[in-house]
Structures are given as C-alpha cells and as structure tokens.
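Just follow the structure's listing: the first ligand is 1, and inside any ligand the first atom is 1. We use all heavy atoms of the structure for the numbers below, so side chains are in, but hydrogens, waters and symmetry mates are not.
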Amino acid sequence: MIPISFLGSHILALVFPLALYSFLTSFVAEKKSDQGMLYSAGKATFFVFFLLTFAVLLLIGAFITNEFGLIYVAGYSSRSLPLFFKVTGLWAGLDGSILFWTWLVSLYSVIVWSTQKNRNPDWLPTLNGVMSFIILFFVSIMVFANNPFAPSLHTPPDGKGLNPLLQNIAMVFHPPSLYLGFTGFSVPFSFALAALRTRRLDSAWIDATRRWVIVAWFFLTLGLILGGAWAYVELGWGGFWAWDPVENAALMPWLLATAYLHSVIIQKKRGMLMTWNVTLICLTFLLTIFGTYLTRSGIVQSVHAFSEGNLGPFFLGFMQLIIVVSAYFIITRLNDLKSRNRLVSQFSKENAFILNNILFVFATFTVIWGTLFPTVSEWLTGHRTTVGIPFFNKIMAPIGLLLLALMGIGPMISWKKSSWINFKRNLLLPLVLGFFGCIAFWILGIRQWYALGSFALVLFVLTTVYLEFYRGIHALRLQNKTDAWTAFKQLFVTSNRRYGGYVVHLGVLLIFIGIAGCVFKQEVDFALKPGEVYNFAGHSFRYVEPLINEDEHRTSVAVRIEILKGEKILATLIPARNFYKQSEQPSTEASIYHTLLQDIYVIVGNMDTTTSRADLRVTFNPLISYVWVGGFVILLGVVLLLMPSQKGGLKSTSTLASILFMLFLWGYPLSPVYAQGMHVETGEDPFIFLDKDSPRYHQIKEISGKIICQCGGCVRMDLASCTCSFAKGEHNKIMSMLDQGMNEEGILDAFVKKYGMPVLTEPPNRGAFRLGAALPLVMLPIVFILGIILIAKKRRKQDEVLVSGESVPANYLKKFSQEVTKNHES
Ligand code: HEM
C-alpha cells in the first residue's frame, strides 16, 4: 500500500505546477484572445480543486485511522480522542489549516469559473488568474515549508491529543466559518482586479461583487459570533471578547467590509467614491492575509495563534505583491474611476455614509494599532508591552456610540440634500424619544456613561427603524390594498436590500444592548461544603453533592449546585473540572443558567477530596443573551439580503442552496447544547480569606486587574480574573507589597522589573507609551473633523468647477441620469 505521507505530499507537489499553469495560461489566453487556452486554464482549476479535495479527504482519513506516522496527525490527535474531534484535526494546527484554507479558495475558484463563464467572459481570465495565484501561494507554503503530510522518523504508539480547549462542539463550526469568510474575500478582490484590468468600472462589478462580499461577510460575522460564544463558554472568564490578536485578525477585515457594503451604495446610487470602493475591497483582502500573517508568523502572542509559525517572509512577500498590484491598477485607472457626481450638501445621506466609512476605517486602524503596538514598542523601546482590554474599550466605545448615532441618522435623511422638513418628519420623534429615554434611564439609576449612551441611542435608532418599517408597510397597504402582514412580507420581496439591511441594524442594536450590560457585571468567589448555601445578589447557591467521574479519556471532578430565588429552585448547574490524560492538561467546564435578562455563570476551582469543599466563582452577566440574539438577527438579516427578490436580489438556485446551507449553520449558535460544555483554566480562589467589603480586598483586586497572569496556561487573563494557583501566589505578593507600604505604581514597577513590560494589561501612562497609546484617542476627533473639512472643501471645489462653466461632460450626465433612474426603478 502507498504510504499516506507519500501520496499526500505528491498530490500537493502536483497541485503546485497545475496552479502555476492555470495562473500563467489565463493571462496568456487573455493577451492572445485564445478561448481554447482559457478553457485549458479552467480545466486546470478544476483539476486543482479535485486534487486538493483528495488531499483534504486523505488527511481526514489519516486522523480517523490514527496515522501517527504523520507528524501533524500525531501532534493533534490521539487514540482516545472522540471521532468527532478527530475530523476537526484538519484545521486544529497550522499545516492542516493551510491545506483547508487552500481547498476553500479552490472551491470558490471553481464556483467563480462556473458562474462567470457566461455572465462575464471578459473578466474570466483575470478572475481565474488571480484565484489561481492565491492558490499557488498557499500551496507553495505547503510544498516548501509546512507539509501537512510530512512523515515522522519514528511512529509514536499514540498522538499528543487535541488541546482540551479545542474539544468543544464549536470547533466544528467556528474555524470553518472564519475560513469561509476570509477566503471568500479573495473573490471580490479578483473581481476588482478584473474590473480594473478591463476598465469596465461601471456598476456591473459592484453588483457582481456585492453578492460575494455579503456571502463572505456572512461567514465572517458567523465566525466572529461563534468565536465570541466559544470564548464565553470555554475560557471561563465570563466575557466573550478579549481583544486578543487572533480575534482582532478576524475583526479587521470585517470592519472594512462593512464600510465597503455601505460605500458601494453611494457608488450605485450617485456614481461617487469609485476609487475609494475599489481600494476598500483590495484593503479588505489585504487584511485577510494580514490576519493570517499575524496568527501564523509568530509576530503576536496569543492563545489562539499557531505558535510554531515561521511563515512571516512568505506572507510579507505576498502582502507586498497585493499592495503593488492593487496600487498599480488603481493609479493607472484613476481617470476611469472619477466620480460622476458631486456632493450637494453636508446634510445628506452621502455624507452620512462617508462619516460611517471614516468611523469604520478609524476603528480598523485602532484595532491594527492596538494589535501591533506590543511589537512596535519592542522595536522602539526594546520592551514588549501588552495592549489589553481597557485600551481597546477606551477607544472603541466612543466609536461604537458614534456609529450608533449615525445608524439612526443615515437611513432617515435624503440623498443629495436634506431639508428641515425632512429632518422634522424623520428625525424629530426619534431624537425626542432618545432624549427622554436618556433621562428616564438616568432616573432609573443608570449612571455609567457608556451604558446610558448605548441605551438612549438604541432607543433613538430603534424608533427610526420602526418608522421606516411603518411607513413602508403603510405605503404598500395603500398601494396594494392588503393587510399589514402581507405588506410587511412584500417589503422584503420588493426591497430586500434595504429592509434586510435594517434587520441587520436591529441585530447590531441588540448586540449593543448586550455589550452595555457588561457594565453591570457582578462576580463573587466563595467556597462551600456539600449542603452549605451562599447568598449573593438576591440568589442562593446550594452545594448539593460532589460528582467524580473517570474514563479512559479524562478524570472529571464536578459539583451539583442549585440556584434558588427565595424557596424556588431556578436551575441546577454542574460546573466541572477535568484533567485530560493524553495531553496532561487541566480544564474546567463551567455551567450557565441563561435568561433573557441575565446569565448566571458558575465555575468550580479546586476541590478538597477529603471534605469535598469546593471553590466556586459565580458571575452575573446582565443582558449578555442579547449579544447572541443580536448575532442571530444579523445573520437572519443577511439571509434576507440574499433572498431572491423581484428586484435586485439573487435569482439563481445555487444562491438558494447557499442560503439553506447558511440556515443550517446558524441554527447552531443558540442551541442549548452549546451552552453546556465549557472549560476554563482554574485554581482555588486566592481572595477567599479576605473580607469582600474590606478596602484591602478592593485594592488588591484593582491592582491585579492591571497585571496579566504569567502562568502560561490562561488566555492572557489579568490576575483579578485568573484563578490558577500561580495567580494566587501573585496575589499574596501584591498583598505583602501593600503591607510593606508600597503604592500601586511601585507594585506595577516591581512586576515589570520581574516579567518585563508585557505583564501590564495596558501600556504605562508615561513617556513614549503614553504617546503611543493615546494616539488613536487623539486622532479620532482629528480624523473626524478632517473628514468633514475635506468633504466641505471638495464640495466647494466642485461648486467652483460648475460655476466656472466646466460642467460635468454631457455624456456622463446622460449616462448617469439613466443609471440613477434605473436605480430608482429598482
Ligand atoms: C456595525 C454597524 C453596522 C452594520 C453591521 C451595518 C450593516 C449593514 C448591512 C449588512 C446592510 C445591507 C447592505 C447591502 O444591502 O448591501 C446595511 C444597510 C444600510 N446601512 Fe448599515 N450597518 C452598520 C452601520 C450603519 C451606519 C453607521 C449607517 C449610517 C450611515 C448605516 C446605514 C445603512 C443604510 C442607510 C442601509 C440601507 C441601504 C439601502 O437603502 O440599500 N449603517 N447596513
């Protein structure tokens, strides 16, 4: 029998020249206008897909049959690993994930070929050429650096097993969703280059690209939501977003793609921002590669990153190529990309979209800056620092609120120029409601600025969305003489883009509610013996019994806890602590009681085996369910956006099939099963002997919150959240330093001296660090004001051109009035 390593390696070696052939032949075929040659390139593309599919199946087969002769399989699987997780080994490590990634791009490339063959034959050579080149790049990584089929010198009797944190049902859905999103952006990028190359830059490429962007955006959004849900249930710190570099890597292209989804609306309706749109889509693709570079090059430190990555030079070279090629085409096509219209007024929908884009781009810049700051600071100062949650929250919170405000204003104001009447009709009621809502929330005791701002703005935007739906339904009822429900459904048939977009906005509002709820989070650590009860925040926690289990795979120590309100038992939870035998790694399974108003999140730490006394941490997470419900609503909105519609939607059956596939995928995030399996690195509560009301307790907790645990097992948690035994030792050190009369600054300095700058959750507020950390904060208002000034200047300049008689060319005007009329009709 042929060994798998031999077969797999040779398949990859064969894919390399085939992809190269497909890439080169596509361009030669275009140059020579040789249809036969182009079809030969297409055949190579299909053959590449066939071979890569075979390679993927081969690797999955190797996992299922415990083929530990492959280094990759031995590193991520073991005999006792459930079959379910063996299959996910394909994307559990660096080499396999690159193979999976390449396969996805090749899957997209055959779909592009099949769908564009007749629709856009003039774009086909560039589309196929660019997609083949992307495949070539990833295949070259496998052939020259990271072969997933590399054989080991000695076949071990068993593999190392899968990291316990990855042994969660989310492992099946989260990475593939993210990869589908990331790789999906290679398609609009190829379209953009094809449109630039052929100089066919009218709205055709926008139409073709929009659909692909929405599909990729859907998967990226799904990946982000699943990632958040996974972090929430898996990492045990009770939160869902830690601004980890790997999370940020997925957020960056998402932010730019969201900006693009809005700015293309201006191009479609007003023929403006053509250069900007094509640049945005190239940058979005660049960021997907940049994100891959971040996680696979070892440049950033993260729990999720593939630590063995040494692929930096590959990715840097590829990114440079993307920049040079995109810049070349954009610069040489600037004439074709000229705006065909002008801004008429500052108070217009165009302007709202432009400000929306400024905010999204600024948010992207902030995420890039915060993610790279540790590396940059190392270059500049020789010290690697850490940029943690507080840094990002400080900058992203105002950006989020500004976006929220614009989300209410943008849809309500008119194109070209909004009048006072338009303002009064559309915005007065939402503004008044938002204002009085703000006062009411204040009276109800909500004083935290972020939560107050979020709730008031959510009310404001919600009113605008309601008005939009109400007016739409009203108009259709009058027009078609139908009932409200039929009119409501018709809205999505006739204008699914618009109303699908509003459903997406509704989802965003719900997520904002969920995020604002985090401000009211409450947490307590305590220890109980069986039969004892602890009271906290109006609830009682009764320790019923310990549950100890052992199988060939793991040892599990769990406790049965009842949550009571008064005499009524609300829920029985079973948080557990597991020890995985193969990987010799501990993990803890938390248990959550979900309600729409709050989650009660319980984890267990150490248990004394003689007395069964267990350390417990309980977290109350108000409104957190809205994050998941909001995510679900966003995905629903995207499905509505893609629904076949009478005007402007997708019509092909293949799209319907992909919608069904999506429906299948997003049924998952809210399933109750998901809420149960949870792990966390944990140890006993170090604060247990301190009086929770004493100033010393709060002092230690506050300082601990500024220091990152160096145990190496947790996910860059701060010392206030990490419950491992190492953290306990560090708390004791802080306590004794305080006893010696040291202040907070002295203690933080002592930690920096011992562990270096990365030990701090935020860069210290002094010197070059202060400047670096404050840069995005200072730049936010500057960029915003500059944006407004630039818009005003551009408008004045255009006015001058018009006044001086150099009017817009007549053929442009004619073409454009036709296009606008067409858009109005659609
Ligand atoms: C996180 C924030 C946001 C997300 C995730 C989001 C998402 C979306 C999506 C996916 C669409 C559908 C696009 C399409 O059909 O191609 C849409 C439509 C729309 N968005 Fe947003 N959006 C956000 C913020 C904003 C903001 C700040 C504005 C303010 C200008 C805005 C204004 C609009 C408008 C007016 C539409 C409807 C366009 C139409 O009539 O076709 N959105 N949004």
Side-chain angles (χ1 to χ4, degrees), residues 188 203 206-222 224-225 251 253-270 273 277 280-281 347-364 396 399-415 418 426-427 454 457-458 460-461 464-465 467-469 472 491-492 494-512 515 627 630-631 633-643 645 647-650 784 787 823-824 826:
S203 52
I206 288 291
D207 287 337
T209 315
R210 176 183 171 271
R211 294 160 187 179
W212 286 100
V213 174
I214 288 183
V215 169
W217 193 84
F218 172 91
F219 284 116
L220 204 50
T221 310
L222 178 66
L224 285 167
I225 294 165
L251 185 65
W254 184 89
L255 288 168
L256 275 200
T258 312
Y260 172 83
L261 278 174
H262 291 93
S263 62
V264 285
I265 298 173
I266 312 187
Q267 177 167 346
K268 185 97 181 99
K269 300 256 182 194
R270 304 270 294 128
L273 298 190
N277 285 330
L280 259 188
I281 208 65
F347 197 56
S348 61
K349 211 188 261 297
E350 294 90 310
N351 228 343
F353 278 127
I354 290 170
L355 293 180
N356 147 322
N357 265 234
I358 291 174
L359 287 172
F360 275 117
V361 171
F362 188 78
T364 315
M396 297 302 265
I399 295 181
L401 292 186
L402 281 173
L403 272 174
L404 209 51
L406 267 180
M407 198 192 281
I409 298 168
M412 302 308 272
I413 57 178
S414 322
W415 290 102
S418 256
N426 293 330
L427 284 170
S454 294
L457 284 169
V458 164
F460 164 65
V461 185
T464 63
V465 176
L467 284 179
E468 280 290 271
F469 272 96
L491 284 182
F492 293 101
T494 52
S495 311
N496 66 337
R497 283 184 184 182
R498 185 170 175 189
Y499 291 96
Y502 293 154
V503 174
V504 172
H505 286 182
L506 276 179
V508 175
L509 294 185
L510 291 171
I511 290 184
F512 267 93
I515 295 174
V627 173
V633 173
I634 290 182
L635 299 175
L636 174 73
V638 182
V639 172
L640 289 172
L641 284 174
L642 288 172
M643 287 292 270
S645 86
K647 295 170 192 171
L650 294 188
F784 208 72
N823 287 335
H824 273 302
S826 65

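Leu224 CG to Leu251 CG: the interatomic distance, rounded to the nearest 0.5 Å, is 6.0 Å. Here OH of Tyr499 is found 13.5 Å from NE2 of His505. Values are rounded to the nearest 0.5 Å. Rounding to the nearest 0.5 Å gives a distance of 12.5 Å between CD1 of Ile511 and OG of Ser454. A distance of 14.0 Å separates CZ in Phe362 from CG in Leu355, rounded to the nearest 0.5 Å. Atom CD1 of Ile266 is separated from atom CG of Leu273 by 4.5 Å, given to the nearest 0.5 angstrom. The CG atom of Leu635 lies 10.0 Å from the CZ atom of Phe219; values are rounded to the nearest 0.5 Å.
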**Prompt:** Can Phe512 and Val461 be said to form a side-chain contact (heavy atoms from CB on, under 4.5 Å), step by step?
**Reply:** CA-CA 11 Å; Phe512 267 93; Val461 185; over 6 Å; no
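At the shortest separation from atom 6 (C) of ligand 1 among protein heavy atoms lies His262 CE1, 3.3 Å. When hydrogens are left out, the protein atom nearest atom 14 (C) of ligand 1 is Arg210 NH2, 3.4 Å; that is the closest non-hydrogen contact. Atom 24 (C) of ligand 1 has Met407 CE, 3.6 Å as its closest protein atom, hydrogens excluded (heavy atom only). Here the protein heavy atom with the shortest distance to atom 38 (C) of ligand 1 is Ile265 CD1, 3.3 Å. Nearest non-hydrogen protein atom to atom 18 (C) of ligand 1 is Gly501 CA, 3.8 Å. Nearest protein heavy-atom neighbour of atom 4 (C) of ligand 1: Thr258 CG2, 3.6 Å. For atom 27 (C) of ligand 1, the closest non-hydrogen atom of the protein is Leu403 O, 3.2 Å. For atom 35 (C) of ligand 1, the closest heavy atom belonging to the protein is Phe353 CZ, 3.5 Å.
Contact annotation: for Asn356 versus ligand 1, heavy atoms closer than 4.0 Å belong to the side chain alone. At a heavy-atom distance under 4.0 Å, only side-chain atoms of Val504, from C-beta outward, approach ligand 1. Residue contacts with ligand 1 for Phe360 involve side-chain atoms from C-beta outward but no N, CA, C or O (heavy atoms, distance under 4.0 Å). At a heavy-atom cutoff of 4.0 Å, ligand 1 is contacted by no atom of Val638, backbone or side chain.
Shortest distance from atom 21 (Fe) of ligand 1 to His505 is reached at NE2 (N/O/S atoms only).
Note on ring orientation: taking the six-membered ring where Trp is involved, the planes of Trp254 and Phe360 are perpendicular (angle over 60°, cut-offs 30° and 60°).
The heavy atom nearest to atom 30 (C) of ligand 1, considering only Gly400, Gly410, Ala363, Gly408, is found in Gly410.
Counting heavy atoms from C-beta on, the side chains of Val508 and Leu403 never come closer than 4.5 Å.
Under the salt bridge (charged side-chain N to carboxylate O under 4.0 Å, His left out) criterion, no residue pair touches residues 351-361, with sequence neighbours excluded.
Taking any N or O of Tyr502, backbone or side chain, none lies under 3.5 Å from an N or O belonging to ligand 1.
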